[in-house]
Amino acid sequence: LKLILHLEEQERHFRIVFRTFGIDIADVINEFNLFCTGAHPCFPSVPSGLKKRVVTLPSDSGEFYRDDTGLHLSMCAKVKG
């Protein structure tokens, strides 16, 4: 998280990819969103620009999977309504 703070303070363009091996992505994203909004107990003071990095599940996520035809990336789409 300190690297993210540094990159944000330097106004660098970057992307973050979370990779998990189970059903824990919601917990990981919850902690990350607490960090981005300054609500994480270890990082109570963060730049306001981090709020743009808050992740909404499932619309901001995707999933790699493999089948008989190869490796695929399935992206979740924002749903209207």
Side-chain angles (χ1 to χ4, degrees):
L1 297 177
K2 289 181 180 181
L3 175 61
I4 295 170
L5 286 173
H6 176 74
L7 293 172
E8 188 67 31
E9 289 166 357
Q10 297 295 314
E11 298 181 1
R12 300 285 302 266
H13 297 280
F14 63 95
R15 302 248 188 250
I16 301 169
V17 176
F18 296 103
R19 182 176 182 208
T20 66
F21 294 98
I23 57 171
D24 56 346
I25 190 66
D27 294 333
V28 172
I29 295 303
N30 183 52
E31 289 290 317
F32 181 73
N33 287 345
L34 288 172
F35 166 71
C36 289
T37 59
H40 195 284
C42 295
F43 296 91
S45 179
V46 297
S48 61
L50 278 179
K51 289 182 182 176
K52 70 179 180 242
R53 296 197 177 273
V54 167
V55 178
T56 304
L57 290 176
S59 63
D60 294 337
S61 67
E63 176 181 19
F64 283 102
Y65 68 95
R66 186 183 314 268
D67 64 13
D68 294 341
T69 63
L71 181 65
H72 309 278
L73 173 60
S74 173
M75 298 298 295
C76 294
K78 294 188 188 267
V79 179
K80 293 181 181 180

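This chain uses plain numbering: 1 for the first residue, then up along the sequence.
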Quiz item: By the rule that ILVMFWY residues connect when side-chain heavy atoms come within less than 4.5 angstrom, directly or transitively, which residues belong alongside Y65?
Solution: none
Exercise. Evaluate the side chain to side chain contact (heavy atoms under 4.5 Å, CB included) criterion for residues I4 and L1: first the C-alpha distance (whole Å), next the side-chain angles of each, then the deciding distance (0.1 Å), finally the verdict.
Key: CA-CA 5 Å; I4 295 170; L1 297 177; 4.1 Å; yes
Exercise. Count the heavy atoms belonging to other residues, nucleotides or ligands that lie under 6.0 Å from CZ of F64, then report whether that count exceeds 12.
Key: no
Exercise. Could I get the full list of side-chain contact (heavy atoms from CB on, under 4.5 Å) partners for Q10, not counting sequence neighbours?
Key: H6, R12
Exercise. Write out all pairs satisfying salt bridge (Lys or Arg N to Asp or Glu O under 4.0 Å) with one or both partners inside residues 48-57, taking only residues at least two apart or from two chains.
Key: E8-K52, E8-R53
Quiz item: CG of D60 to CE of M75: how many Å apart, nearest 0.5 Å?
Solution: 8.5 Å
Got a list of side-chain donor-acceptor pairs under 3.5 Å for residues 18-29, not counting sequence neighbours?
unit_1 : atom_1 : unit_2 : atom_2 : d
T20    : OG1    : D24    : OD1    : 3.4

Please report, to 0.1 Å, the donor-acceptor pairs under 3.5 Å made by any side chain of residues 30-48, with sequence neighbours excluded.
unit_1 : atom_1 : unit_2 : atom_2 : d
E31    : OE1    : H40    : NE2    : 2.9
N33    : OD1    : V55    : N      : 2.8
N33    : ND2    : V55    : O      : 2.9
T37    : OG1    : N33    : O      : 3.0
T37    : OG1    : L34    : O      : 3.2
H40    : ND1    : C42    : N      : 3.0

Quiz item: Can you list the residues that meet the side chain to side chain donor-acceptor pair (under 3.5 Å) rule with D67, with sequence neighbours excluded?
Solution: T69, H72
Self-check item: Hydrophobic cluster identity match, L7 and L5, side-chain contacts under 4.5 Å
Solution: yes
